[in-house]
Each structure stands twice: as structure tokens, then as C-alpha cells.
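Comments concern the structure below.
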Amino acid sequence: MSKDLLAELNPAQREAVSWMPQRPLLILAGAGSGKTRILTHRIAWLIEHGVPAFNILGVTFTNKAAAEMRSRIEKLVAQRVWVSTFHSTCLRILRQDGIAIELEPNFIIYDEYDQLQIIKECVKELGFDEKKVHPKGVREEIQRSKDYLLTPFQYSEKAEDIYQDSVGKVYKLYEEKMKKLKACDFGDLIMKTVALFDRVPAILKTWQDRFQHILIDEYQDTNHAQYRFVKLLASARRQITVVGDPDQSIYAWRGADIKNILSLEADYPEAGVIRMEQNYRSTPVI
């Protein structure tokens, strides 16, 4: 089966798919270079070479991409692998172990509309003018704060003007209300998982033992919170494969930090770097 897995790949793809399991790998792959194929084939290759499917985590950015990857892997090796988005992965971890940081297992998730209603309540209770402290703007500030793992106290400490000082007060009241409601927003899913791992080393070790090989797509689009989550999870075994295109980050507006992919070699000095030069979407000469 190994030969079949590698048969239709070009030399760079073959090298990436069969890269030694014990060493980190950064795959720099532009649009159309077969990124999904590389990741799915690498997961299949790891399984063929003795890594239990149970010990593999695949992470991507959309539910659609995750479903596509799972489907392809099942066709290659007839096994199910945990492949999901960052938020879905963290949700499952918090449902299981969030009680260690006083998070009820049955917590509810608030979407952007729900968040907005709570923020409007906070703005009103604090006596702020919605025209000056606009709820949608506050929601964006809170979301970005969570992308950078900033608590209300840390945000307020960094406040540079009256507006940010007001946002800090709304953020604090918002968090108090969310706790009473036993609710989390999407930013909480990653932020609270990082907090869980930081505060409870035994729980972090359990998940490190579970996810011994971590493979991440579109790494250039990770924000600081996602970066910290991955770094904590991978720190025990350092068996991590990331695929990304430093020229193609599309989520800078929501906190994506291109430095994450550029600094991967500093975080993992033993990592290999493979560049995918061939484009399969634009085969004719441009």
C-alpha cells in the first residue's frame, strides 16, 4: 500500500508524505500545489507505518475542509481520524475537561448575535452612549482580545485612550454575565483550552498522549491563541507537520499572524522544510 500511496505524487510531495515521523516538518505550499493531498496522504502513511489513527490530530480552518480530509483518509486507509477545525477540537476538549477550570460540561455557545445582545446590555448598564461605545465595535475588540489571549484586566492595562478604557469595562462586565449564563463565545473555546492546558499540566499530558502526531493545514492563518494551543499540545513529542503559504494569509483582519509560520523553524530548530513548487491548478504556461 505504501508504494500506492506515493505512486501518483511528485518527488517533493513524496518527500513530504514520507518524512520521518519523529521530526517536525514545515511544508511551504502555494495555491494549487496539492496541500490537502499531501496532508491526507501523510496521515495515511503514518497509519501504515504503525501510528494508531487514535493518536493523530488533523486541524484545518473550515468544517467543509475537515469533512473532505476525513473522507479522503477513510478512502486511503479505511480508518477514521480526528480531523476538525480548531474550534471544534477545543469544544470537545472543554466538554470533557473544562470542569477543571470551573466550566460546566453543558455550557452553551453564543454566536455573534447572542454576543451583541449581551454587549448591548453591558453598554446600557454602564451608562455609555452606544454611538460612542458602539456594541459591534466592542464585540470586535473583545474577539480580537481573545485571539491574543487577553483577559479583561490585561486589555484594560493596555488601554491607550478613553474608548479602550470603556471597552475594557464592557469586556469585564460581559465576562461576568457570560459566566453566570454558563455560556462561551467562539473566542472562549480556544482561549479557555489554552488556560486549561496552562493551569492543569495533568490534563495537558493526557491530550499530548492522545495526539502524538499533529498535522495542521493553512498554518499561515493561525492567530496567537491557536498558535499557543498547538505549541502546548506539540511540546511533549514535537511530532508536528504544518502546511502553509506565507504569501497567502487571508485572515490578518481577524488576528492571523504570519509570524507563526515564519518562526516555526525557531520553535522547532530540528524541523525540515520542503517547498512545493508545482502548481496543479494552472498547468498551462501562464
Exercise. Crowded around Q154 CD? As in, over 12 foreign heavy atoms under 6.0 Å?
Worked result: yes

Seminar exercise, completed: Which of L215, I274, V243, I240 passes side chain to side chain contact (heavy atoms under 4.5 Å, CB included) with L25? It is I274

Exercise. Are F54 and M69 joined in one hydrophobic group, where the rule is that I, L, V, M, F, W and Y side chains link up if heavy atoms are under 4.5 Å apart?
Worked result: no

Exercise. Atom OG1 in T40, atom CG in L5: separation rounded to 0.5 Å?
Worked result: 9.0 Å

Problem set entry | E68/R72 ion pair, N-O < 4.0 Å | yes

Exercise. Hey, mind stepping through L103 and L196 against side chain to side chain contact (heavy atoms under 4.5 Å, CB included) and telling me if it holds?
Worked result: CA-CA 10 Å; L103 188 63; L196 173 68; over 6 Å; no

Exercise. If you draw the axis of the six-membered ring of F107, does the NZ or CZ of R95 fall within 45° of it and under 6.0 Å from the ring centre?
Worked result: yes

Exercise. So which heavy atom on K177 is nearest to which on C122, and how close?
Worked result: CD-SG, 3.7 Å

Problem set entry | Backbone N/O of L28 and side chain of R275: donor-acceptor pair under 3.5 Å | no

Problem set entry | From R238, K231, R228, residue fulfilling salt bridge (Lys or Arg N to Asp or Glu O under 4.0 Å) relative to D267 | K231

Seminar exercise, completed: Taking every heavy atom of V133 against every heavy atom of Y163, the minimum-distance pair comes out as CA-CE1, 4.2 Å

For this session: Any chance you could lay out the salt bridge (Lys or Arg N to Asp or Glu O under 4.0 Å) test for E176 and K172, step after step, and finish with the verdict?
Result: CA-CA 6 Å; E176 290 168 3; K172 181 175 181 291; 2.9 Å; yes

Exercise. Could E74 and R70 be called an ion pair, given the rule that one side-chain N must be under 4.0 Å from one carboxylate O?
Worked result: no

Problem set entry | Salt-bridge contact K179-E175 (side-chain N to carboxylate O under 4.0 Å) | no

For this session: Could you tell me which residues satisfy side-chain contact (heavy atoms from CB on, under 4.5 Å) with T206, sequence neighbours excluded, listed by chain and number?
Result: none

Exercise. Are I99 and M191 connected, step by step, through hydrophobic side chains (Ile, Leu, Val, Met, Phe, Trp, Tyr) whose heavy atoms are closer than 4.5 Å?
Worked result: no

Exercise. Under a single-linkage definition using a 4.5 Å side-chain heavy-atom cutoff for Ile, Leu, Val, Met, Phe, Trp and Tyr, are L126 and V138 assigned to the same hydrophobic cluster?
Worked result: yes

Exercise. Would W19 and L9 show up in the same hydrophobic cluster when neighbours are defined by side-chain heavy atoms closer than 4.5 Å?
Worked result: yes

Exercise. How are the rings of H224 and Y148 set to each other: parallel, tilted or perpendicular (split at 30° and 60°)?
Worked result: parallel

Exercise. Roughly how far, to the nearest 0.5 Å, is the OG1 atom of T241 from the CZ atom of R42?
Worked result: 4.0 Å

Exercise. Are any side-chain N or O atoms of N55 and backbone N or O atoms of R210, one a donor and one an acceptor, separated by less than 3.5 Å?
Worked result: yes

For this session: Kindly state whether the ring of F61 and the ring of F86 have centres lying under 6.0 angstrom apart.
Result: yes

Seminar exercise, completed: Heavy-atom closest pair (D188 atom, C184 atom, distance to 0.1 Å) is OD2-CA, 3.4 Å

Exercise. Would D185 and R139 pass as an ion pair if we require N to O under 4.0 Å?
Worked result: no

For this session: Determine the minimum heavy-atom distance between P152 and G168, stating which atoms define it.
Result: CB-O, 4.5 Å

Exercise. Going by atom types only, do Y174 and Q115 share a side-chain donor-acceptor pair under 3.5 Å?
Worked result: yes

